[in-house]
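Beneath this line is the structure, given in C-alpha cells, with notes to follow.
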2 protein chains.
Amino acid sequence: MAQKIKLSTIAESLGLSTATISLALRDSPLVASDTREKIKEQARALGYIYNRRAASLRTSRSGIIGVVVHDIMNPFYGEILKAIETELDRNRQTFILSNHYDSVEKQRNFIETLLQLGGDGVIMSPAIGTPIEDVRLAETNGMPLILVARSMEGTALPTYRGDDSYGISLATNHLIGLGHKTIAMIGGTDQTSTGRDRYQGYVNALRKAGIEVDPELRIPGPRSMQGGFEAAVNFLSLPQKPTAAVCWNDLVAIGLMNGIARTGLVVGQDISVTGYDDLEQASIAVPALTTVSNQQAEVGRLAARALLDRLAGSHEPDGIHLIKPEMRIRQSTGPHRPRA
Amino acid sequence: MAQKIKLSTIAESLGLSTATISLALRDSPLVASDTREKIKEQARALGYIYNRRAASLRTSRSGIIGVVVHDIMNPFYGEILKAIETELDRNRQTFILSNHYDSVEKQRNFIETLLQLGGDGVIMSPAIGTPIEDVRLAETNGMPLILVARSMEGTALPTYRGDDSYGISLATNHLIGLGHKTIAMIGGTDQTSTGRDRYQGYVNALRKAGIEVDPELRIPGPRSMQGGFEAAVNFLSLPQKPTAAVCWNDLVAIGLMNGIARTGLVVGQDISVTGYDDLEQASIAVPALTTVSNQQAEVGRLAARALLDRLAGSHEPDGIHLIKPEMRIRQSTGPHRPRA
DNA sequence: AAACGGAATTAAATTGTTTTAATAATTTAA
DNA sequence: TTAAATTATTAAAACAATTTAATTCCGTTT
C-alpha cells in the first residue's frame with residue numbers, strides 16, 4: 001500500500017525532472033547514456049509501473065487492439081485468434097477479445113467500449129446483419145477496421161478470408177470423382193457471405209459435372225458438433241438416399257459421423273463425409289476426416305499484419321483477399337456404393 | 001475526421017461548463033433534470049464518445065478486468081470463460097483475455113500489461129510454477145486477484161475450483177462398481193494442484209476398495225485429444241492388461257477412445273473409459289462418454305462474482321472454495337470383461 | 001576573454017475527465 | 001423585505017504522462 005511510484009517519484013529521488021525520466025525510460029538519445037542507465041536502475045528498484053492511460057491520453061495511442069468474432073470457443077476462430085495473438089504479441093500490442101454470438105448489439109457495444117478505451121484498431125468477423133453505421137462509427141473515430149473470415153457487402157474494407165466457394169468445390173469434386181451422384185450439403189446458414197459462397201461452390205461443382213442440383217439435399221443447421229449430430233437422422237431418411245455429405249465444417253462433419261455411426265452404418269464405406277477447416281480434431285476423428293484446410297493460421301496472420309501495417313502508416317489498397325484452401329484426403333470418404 | 005468531441009465541445013455548444021456536462025452524463029442528481037436531458041440529447045447528436053482513459057486517470061478505476069488461463073481454445077476453460085464473461089458483462093466490466101500456455105513469463109507480462117492499463121482486478125488459473133512474487137506484484141499495486149480452476153500453494157488467495165479428488169474418485173468408484181480391477185489413469189501431469197488432487201482421488205478410491213495401486217498404470221501426458229490418442233498404444237500394450245481407464249479429461253478420453261477404436265476393440269464393451277469435465281462433445285462422442293461434470297459454469301460464475309464483490313468493497317474470507325462435481329453415466333463404460 | 005556550438009536537462013503546456021469547494025440563483029421562512 | 005435555506009452551476013485543482021521550446025552547462029575556437 002506504499003504510495004504510487006510515478007515519474008515524479010523517480011525524478012525527485014534522483015534530483016532530475018520528469019521530462020528526463022520520461023525520455024530516458026523510452027531510450028531517447030536526448031539523455032546521456034549514463035544518466036539513462038541510472039534512471040532505469042532506479043525505476044526498477046522502486047518498482048515503477050508505466051501508466052499507459054496517462055501516456056495514451058497525451059499521445060492518443062493506446063497499444064490496444066480489439067478482436068471480435070462469433071465465438072472464441074469455436075476452434076475455427078480459435079485457430080485464427082491464435083495466429084492473430086502471435087502476430088500482435090510480436091509487436092507488443094495488447095488485444096481485447098470478445099464474442100458477439102452474431103448479436104449486432106453485442107458487437108456494437110464492443111466497438112463502443114473499444115473507442116472509449118482509445119483502441120488503435122479492430123479486427124472483426126462481422127455479425128450477421130451488421131449495419132454499415134457500426135463500421136462507420138469506428139472509422140469516423142479514427143479506428144481502422146479489418147475484416148476476417150467473413151466479408152461484408154457494401155464496404156470496401158480490407159478483408160481476409162478463405163476462398164470458400166473454391167474450397168467447397170474441391171470437396172465436392174473429390175466426392176464426384178469417387179463416383180457419388182447424390183450428395184447432400186449439411187449445416188450452416190445462407191445468411192452470411194461465407195454461407196452463400198459455400199453453397200455456391202457446391203452448386204458450381206455439381207453443375208460442372210452435369211449433376212442436377214436438388215434443393216432438398218441442402219440441410220441447413222447450427223455450425224456445431226451438436227448440429228451435425230442432430231442432422232444425421234434427417235440426412236439418412238432423405239428419400240433420395242444420398243451416399244455422401246459435404247459438411248459446413250469439421251465440427252458438423254464429426255457430429256454427423258457420430259450420428260451415422262450410432263445407426264451402425266460405416267462412414268467411409270457406406271457413406272462418405274467431408275469436413276471443412278481441417279481442425280486438429282479432424283485427423284484424430286474416427287474415421288479420420290477428409291476435409292479442406294482453410295488455412296486459418298494464414299488468414300489470421302495476414303489480417304493482423306494488415307492492421308499493423310495500417311497503423312504504421314502504410315496504406316495498402318482495400319478489398320477482399322482470398323486465401324486458397326487445400327484438400328486433405330483421409331478415411332471418411334470412399335468409392336460410391338449404392339445404399340440398401 | 002471532424003475534430004474530437006469532448007466534454008468541453010458539448011459545454012461550449014450549450015453555454016455550460018464541463019463540470020455540469022460530466023455530472024449530467026453520469027446522471028448526477030446535482031444537475032437539474034431538464035438540463036440533464038438537454039445535455040444527453042446534445043451528446044448523442046454530436047456523437048460524443050466517453051474517454052475512459054481520461055476518466056480513469058482521474059478516478060483510478062478503469063472498468064477493466066483481466067482473465068488469464070492456460071488456453072482459451074481448450075473447451076474446459078472455454079466454458080469457465082463463458083460464465084465469467086456473462087457475469088462481468090452484466091456488471092459492465094470490460095475484460096481482457098489471455099493465454100499463458102503455462103509460461104510463467106507470458107503470465108507475468110500479462111499482469112504487467114494489466115497494471116499499466118490500470119486493471120481493476122485479475123482472475124487467473126495460475127501457470128505451473130507461478131512464483132509468489134508475481135502474485136505480490138498484482139497485490140502490492142492494488143489489483144485484487146482471484147484464482148480459478150487451479151490453486152496455488154502458499155497463498156491464501158480466494159480460489160474457486162472443482163473438487164478434483166472427489167470427482168475422480170466418483171469415476172473410479174463407478175468403474176470398480178462395474179467389476180474392474182485393473183484401472184489405468186491416462187493423461188495430465190502431477191505438476192499442478194489439479195494433477196495431484198486427481199491422482200489422489202484415483203488412489204484413494206482404489207485403496208478404499210482394497211485394490212493395490214500400481215504406479216505403472218499411471219500414464220501421464222498432454223491434456224489434449226491428441227494426447228489421449230497417442231496414449232492408446234501404450235495403454236493397450238501394458239502387461240497388466242487393464243480393462244478400464246480413468247482419463248484426465250474428456251478430450252483425453254475421446255482421443256483414447258478413438259485410438260482404441262482404431263485397433264478394433266469396442267469401448268464400453270471390451271474396455272471402459274471415463275472422462276472428466278462433461279464437455280458438449282462428451283454426449284455426442286461414439287460411444288457417448290461416461291464422465292464427471294466439473295460444473296465449469298458454476299466455477300466461473302462464482303469466481304467472477306467473488307472479484308466483483310471484492311471490488312465493491314466487501315471482503316469475504318479468502319481460501320479455497322471447492323465445487324462438488326457430479327457423475328454422468330453413459331455408454332463408454334460397461335461391466336468388466338477379461339481381455340484376451 | 002568573449003563568442004560560439006553542441007550536448008544535456010528542464011519548464012511548462014497539453015491530453016480529457018472528475019471532484020470539491022465556492023458561487024450564483026432561486027425559493028422559503030421569518 | 002430580508003435572512004436563511006435550498007438548488008443549480010462552475011472554477012480550478014487534480015490525475016500521470018509526453019513534448020516542444022528554452023535553458024544551462026560544457027569545452028572550443030576566435
Side-chain angles (χ1 to χ4, degrees), chain A residues 2-40 42-43 46-64 112-113 115-120 141-142, chain B residues 2-40 42-43 46-64 112-113 115-120 141-142:
Chain A
Q3 89 298 350
K4 272 258 147 58
I5 309 296
K6 36 187 169 169
L7 287 191
S8 67
T9 320
I10 305 178
E12 279 159 27
S13 82
L14 290 176
L16 290 168
S17 76
T18 61
T20 311
I21 312 294
S22 172
L23 292 168
L25 290 179
R26 283 172 303 136
D27 286 318
S28 161
L30 286 183
V31 22
S33 61
D34 49 342
T35 348
R36 203 156 62 202
E37 279 320 307
K38 207 178 306 170
I39 290 173
K40 286 187 164 184
Q42 180 75 276
L46 293 176
Y48 170 69
I49 287 184
Y50 179 67
N51 188 326
R52 279 220 229 177
R53 40 213 216 288
S56 93
L57 185 56
R58 180 63 228 260
T59 60
S60 58
R61 266 299 200 111
S62 65
I64 294 179
E112 252 160 34
T113 302
L115 283 171
Q116 295 182 353
L117 292 173
D120 292 340
N141 287 90
Chain B
Q3 90 297 349
K4 270 256 146 58
I5 310 298
K6 35 187 170 171
L7 287 189
S8 67
T9 320
I10 304 177
E12 279 159 27
S13 82
L14 290 176
L16 290 168
S17 76
T18 62
T20 311
I21 313 294
S22 171
L23 291 167
L25 291 179
R26 283 171 302 137
D27 287 316
S28 161
L30 287 183
V31 23
S33 62
D34 49 342
T35 350
R36 203 156 62 201
E37 279 319 307
K38 207 179 305 170
I39 289 174
K40 286 186 164 186
Q42 180 76 282
L46 292 177
Y48 169 70
I49 287 183
Y50 180 65
N51 187 327
R52 277 220 229 177
R53 39 212 216 290
S56 93
L57 183 57
R58 179 63 228 256
T59 60
S60 57
R61 267 299 201 112
S62 64
I64 294 178
E112 252 160 36
T113 302
L115 284 170
Q116 295 182 353
L117 291 172
D120 292 341
N141 287 89

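In the text below, chain A, chain B and the rest are named by the order of the sequence lines, each starting its count at 1.
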Nearest-Å distance for atom pair CD1/C1', residues B/Ile5 and C/dT17: 16 Å
Touch class at under 4.0 angstrom, heavy-atom based, for B/Ala32 against every strand present: sugar-phosphate
Nucleotide nearest B/Leu30 (side chain, heavy atoms from C-beta), chosen from D/dT9, D/dA11, C/dT17: D/dT9
Rounded interatomic separation in angstrom, taking CG from A/Leu7 and P from D/dT18: 6 Å
Given DNA chain D, 5'-ward residue of the pair B/Leu23 and A/Asn51, judged by closest heavy atom: B/Leu23
B/Ser56 and B/Arg61: side chain donor to acceptor below 3.5 Å: no
Length of the CG-P vector between B/Leu117 and D/dA17, whole Å: 13 Å
Paired nucleotide for D/dT28 [Watson-Crick or G-U wobble; both distances under 3.5 Å]: C/dA3
Distance below 4.0 Å between A/Ser56 side-chain N/O and D/dA17 OP1 or OP2: no
DNA chain C: 5'-proximal contact among B/Ala54 and A/Pro29 (nearest heavy atom): A/Pro29
A/Ile10, A/Ile39, A/Val31 screened by side chain to side chain contact (heavy atoms under 4.5 Å, CB included) with A/Leu16, the one that passes: A/Ile39
Short side-chain N/O contact to D/dT18 OP1/OP2 from A/Arg26, under 4.0 Å: yes
Sugar-phosphate, base or nothing in reach of B/Ala55, heavy atoms under 4.0 Å: sugar-phosphate
DNA chain C: 5'-proximal contact among B/Ser8 and A/Thr20 (nearest heavy atom): A/Thr20
Side-chain heavy atoms of B/Thr20 within contact of B/Leu30, under 4.5 Å: no
B/Asp34 CG to D/dT7 P, straight-line distance once rounded to whole Å: 15 Å
Contact under 4.0 Å: A/Tyr48 side-chain N or O vs D/dA16 OP1/OP2: no
d(CG, A/Leu57; C1', C/dT14) in whole Å: 9 Å
Pairwise distance OG(A/Ser22) to OH(A/Tyr50) - rounded to 0.5 angstrom: 7.5 Å
Distance, rounded to the nearest Å, where B/Leu14 contributes CG and D/dA8 contributes C1': 15 Å
Nearest-nucleotide pick for A/Ala19, side chain only, options being D/dA16, C/dT17, C/dT10: C/dT10
Gap between atoms CD1 and P, on B/Ile10 and C/dT18 respectively (whole Å): 11 Å
Touch class at under 4.0 angstrom, heavy-atom based, for B/Thr35 against every strand present: sugar-phosphate
N/O donor-acceptor pair, side chain A/Arg58 with base D/dT18, under 3.5 angstrom: yes
Pairwise distance NZ(A/Lys4) to CG(B/Asn141) - rounded to 0.5 angstrom: 6.0 Å
A/Thr59 side chain near D/dT18 phosphate (N/O to OP1/OP2, under 4.0 Å): no
Any B/Thr18 side-chain N or O less than 4.0 Å from OP1/OP2 of C/dT17: no
4.5 Å side-chain heavy-atom contact, A/Leu117 and B/Ile64: yes
Nucleotide C/dT18, atom P - distance to CD1 of B/Ile21 in whole Å: 11 Å
Below 4.0 Å: OP1/OP2 of C/dT18 and any side-chain N or O of B/Ser22: yes
